[in-house]
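Following: one structure in structure tokens, then a few remarks.
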Amino acid sequence: MIGVGIAFGVVMGWFPHTSMIWQYPLQQIDAPAHYYFVRRILGEGLGSATHLWPNDAYYPPLFHMLAAGLVNLASVFGAKMPIYTAVNIVWLVTSGIMWPAGVLLLSTYWTRLVDPQGWRPFSCAMAIIVPVLSVSSASHPFLMLARGPLYAYGLATSLLPYWLYVTLRLCDALTDRWRRHKAGAAADDKTGRGTQAAAPATAPETASEIAPTMKQAQARALVWPWILGFIAIGGLCIFAHPRIVFSWLLLMAPFIVLRMPWKVIAGLAGAVVCGAAALLVYMRGSYQSNRYGNPAAWFHTFVPSRTVPQALRTFITDNISGPGGWLMAGVTVLALVVIGYVIARPQQVFKRADSNAAHPGESGYHNTRRDAIALVVAWLLLMLLFVCSTSLTGWFPNIVAAAWYRAETRPLSMIPFGVIPLLVFAACAVAGGDGSVSVPMPWKGGGRVRSSGRVCGDIRLTRTARQSIVVVVLAALAVTCQFGNTERAGLSQSVYHNVQLTDERPDEQLTSSKYRALGEVVKVTGTRAVVISDPLNGSMYAVSLYGANMLYPIYNPMKEKNGAIFEQTELSFASGDDARLLNTVCPLGGGDTPTYFLTMGPQAPSLQMFTFRQQFDPFHDEGLIAQYERHGTLVKVRDLGQYGHGWALYRFGCGVVRG
């Protein structure tokens, strides 16, 4: 718990120290959507969790359910908790406690193999170091708040280490059961008991007959808890964000291929093919496009954000800047050298450890070489994914990075999954095993054998000495990474600036003037009347700030499923036809509630990355707005010119012209 506590302190120290982040929204492109999802759950109940998107499409609701639950819990005690506070608390707990604890749990899969039963000094030291290393990189969890923010995917990423650990333990339990079964069958054949299978069954009477039955029952008992755990934790991860299954598959595929029988591998391959087909069907039904058959044309707006050398440097340093990054790169290379030695001579490590809980007393860990190879392969696959997602274009990187939305943010958050297990395994390989190890010192004649048979010029490193060296090196790495890490500090500054309310950049998403203007708008419209406005001018923040009923509560409400009204409104407004426009927008408010239109300046410069932003251009056509105003289709009810040039609130003249 000490290591997790230190890691939580690192995350809290990174979190912006301003009261505004607890009271005001984070001004980033995806933030209004997450606040809208939480508000929708609060307003409509848990039933809305199956259709959070404005067009009633599905969006992973776990993070938002937790935040809404906090708000409701506070209300039980008579306190009114802002949505922003609830969202921050959920992020801090899942990122500062759940994530480092999960990485620690994953690391114990190998650290448990080092220390003998009882006193575990090496494991205790690693339990302090590993959680701190897990929050040293800017990749996760910090990137998930500073980019997007990606709350749902970040939660799934923080849960992923638990799923990886349970998967590895399930693989152990299954292979152990199969190995016992094969060993039992071989023993039966050798003793001739197989020829007696046709004899009438009798109850075992001797210890030699009872023991195999008990062992089989124990093996079955050891498998089922891991199967249930795999289903429960895997289901929770997928519920947090379904696309996390691609990350799990990328990281676990090398282990499964190297450990499991060919039938299991074939079954997994079949499941992957079926999953890919299902994803294609879902994508074709959810996102209309004529480019599905041409991978080279996918993500046609993608622009590389780094060169290949820059991407490789980011990857090898675990996205840690400053001296800590270079030290991380050096230790990673050293870990690869150690793992190369382990692959060549696996019998030299984990000699004193139990193979797993089902193998007490066995002489070594059965999967040493397989794990070493699998970790290196997973590390290389992550490197390929990251380079493809950030530096390369064409059909191949499009296919490789498609499951992660082609952008670098999600693959960047996965780098610690490649680096930290690599370091932990290499550390355990050095620290594990019996006896002492000779380290040649060529400058002192190392390697030359004297006539007495002794090797001169060598250093004899005992088990305790090797463990001490490993702990010192990793502790130094963990401490160094906390200083001069400008990449991580820059993300904190970005979040800090994105919660400030100023008028320094008057066209940005949410300024002090826009905050006051939206408050004045809701005083006129109330929270029931529908307000139409370009969400990219910042009007979408009115939903979480004041509970406004914006037609476009997020920047991309989507026209698929039940979202036809969004496209119909845009097209009717652009048509210049008064009757068509009123017939489209007047029913939105119902029979007794008016519908409003808000102009609040141009689209924010920081939201220009939205590919389909031109769909809102009609809402900025001053000539068209003036025409509708002359015809009585739009009636100005509040001039907001004191906040910005041309800002105004209009009511649609639904009683004037109806087709």
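Quick caveat: nothing in here was measured; it's all calculated off a predicted structure.
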Residues which pass salt bridge (charged side-chain N to carboxylate O under 4.0 Å, His left out) with [X], listed by chain and number, not counting sequence neighbours:
{"X": "Asp56", "value": "Arg40"}
{"X": "Arg406", "value": "none"}
{"X": "Arg306", "value": "Glu408"}

Is it true that a side-chain atom of [X] and a backbone atom of [Y] form a donor plus acceptor pair closer than 3.5 Å?
{"X": "Lys514", "Y": "Asn537", "value": "yes"}
{"X": "Thr525", "Y": "Val521", "value": "yes"}
{"X": "Ser533", "Y": "Pro535", "value": "no"}
{"X": "Asn398", "Y": "Phe299", "value": "no"}
{"X": "Glu567", "Y": "Gly563", "value": "no"}
{"X": "Arg651", "Y": "Tyr596", "value": "no"}

| said: Pair Ile415, Leu382 - check side-chain contact (heavy atoms from CB on, under 4.5 Å), show working. | reply: CA-CA 7 Å; Ile415 294 178; Leu382 283 173; over 6 Å; no

| task | Flag yes if more than 12 heavy atoms outside Ile227 fall under 6.0 Å of its CD1 atom; otherwise flag no. | result | yes

| request: Flag yes if more than 12 heavy atoms outside Phe302 fall under 6.0 Å of its CZ atom; otherwise flag no. | output: yes

In terms of relative ring orientation, are [X] and [Y] parallel, tilted or perpendicular, with 30° and 60° separating the classes?
{"X": "Phe63", "Y": "Tyr151", "answer": "parallel"}
{"X": "His34", "Y": "His64", "answer": "parallel"}
{"X": "His241", "Y": "Tyr153", "answer": "perpendicular"}

Going by heavy atoms in the side chains, are [X] and [Y] under 4.5 Å from each other?
{"X": "Phe417", "Y": "Pro161", "answer": "yes"}
{"X": "Pro605", "Y": "Glu508", "answer": "yes"}
{"X": "Tyr162", "Y": "Leu160", "answer": "no"}
{"X": "Leu62", "Y": "Leu236", "answer": "yes"}
{"X": "Ser247", "Y": "Ile244", "answer": "yes"}
{"X": "Leu640", "Y": "Arg638", "answer": "yes"}
{"X": "Phe610", "Y": "Leu536", "answer": "yes"}
{"X": "Pro295", "Y": "Ile399", "answer": "yes"}

Are [X] and [Y] close enough that their ring centers fall under 6.0 Å?
{"X": "Trp22", "Y": "Phe15", "value": "yes"}
{"X": "Phe396", "Y": "Trp298", "value": "no"}
{"X": "Tyr35", "Y": "Tyr84", "value": "yes"}

| Gap between atom OH of Tyr496 and atom CD of Gln500 - 0.5 Å precision | 4.5 Å

| query | Can you tell me how far the CZ atom of Arg410 sits from the OG atom of Ser139, to the nearest 0.5 Å? | reply | 14.0 Å

Show which side-chain atoms of residues 622-629 pair as donor or acceptor with protein atoms under 3.5 Å away, not counting sequence neighbours.
{"from": "Gln627", "atom 1": "NE2", "to": "Gly576", "atom 2": "O", "distance (Å)": "3.1"}
{"from": "Tyr628", "atom 1": "OH", "to": "Phe573", "atom 2": "O", "distance (Å)": "2.8"}
{"from": "Tyr628", "atom 1": "OH", "to": "Gly576", "atom 2": "N", "distance (Å)": "3.0"}

| query | Does the pair Asp578 and Thr633 meet the rule for a side-chain hydrogen bond (donor to acceptor under 3.5 Å, both in side chains), with working shown? | reply | CA-CA 6 Å; Asp578 300 280; Thr633 303; 2.4 Å; yes

| said: If we count only N and O atoms by modelled type, under 3.5 Å, do the side chains of Asp534 and Gln603 hold a donor and an acceptor together? | reply: yes

| said: Under 3.5 Å, is there a donor on one side chain and an acceptor on the other for Thr390 and Ser305? | reply: yes

| message | Consider side chain to side chain contact (heavy atoms under 4.5 Å, CB included). Of Val543, Leu501, Leu545, Val499, which one does Pro25 pass it with? | response | Leu545

| Could you go step by step and tell me if Arg580 and Thr584 meet the side-chain hydrogen bond (donor to acceptor under 3.5 Å, both in side chains) rule? | CA-CA 6 Å; Arg580 177 183 176 185; Thr584 301; 5.4 Å; no

| query | Residues two or more places apart in sequence or in another chain: which of them pass ring pair (Phe, Tyr, Trp, His ring centres under 6.0 Å) with Phe386? | reply | none

| task | Please assess Thr94 against Ser158 for the test side-chain hydrogen bond (donor to acceptor under 3.5 Å, both in side chains), listing each intermediate value before the final yes or no. | result | CA-CA 7 Å; Thr94 56; Ser158 296; 5.1 Å; no

| remark: Residues passing the side chain to side chain donor-acceptor pair (under 3.5 Å) test with Thr595, sequence neighbours excluded, are none

| said: Consider ring pair (Phe, Tyr, Trp, His ring centres under 6.0 Å). Of Tyr59, Phe566, Tyr36, which one does Trp53 pass it with? | reply: Tyr59

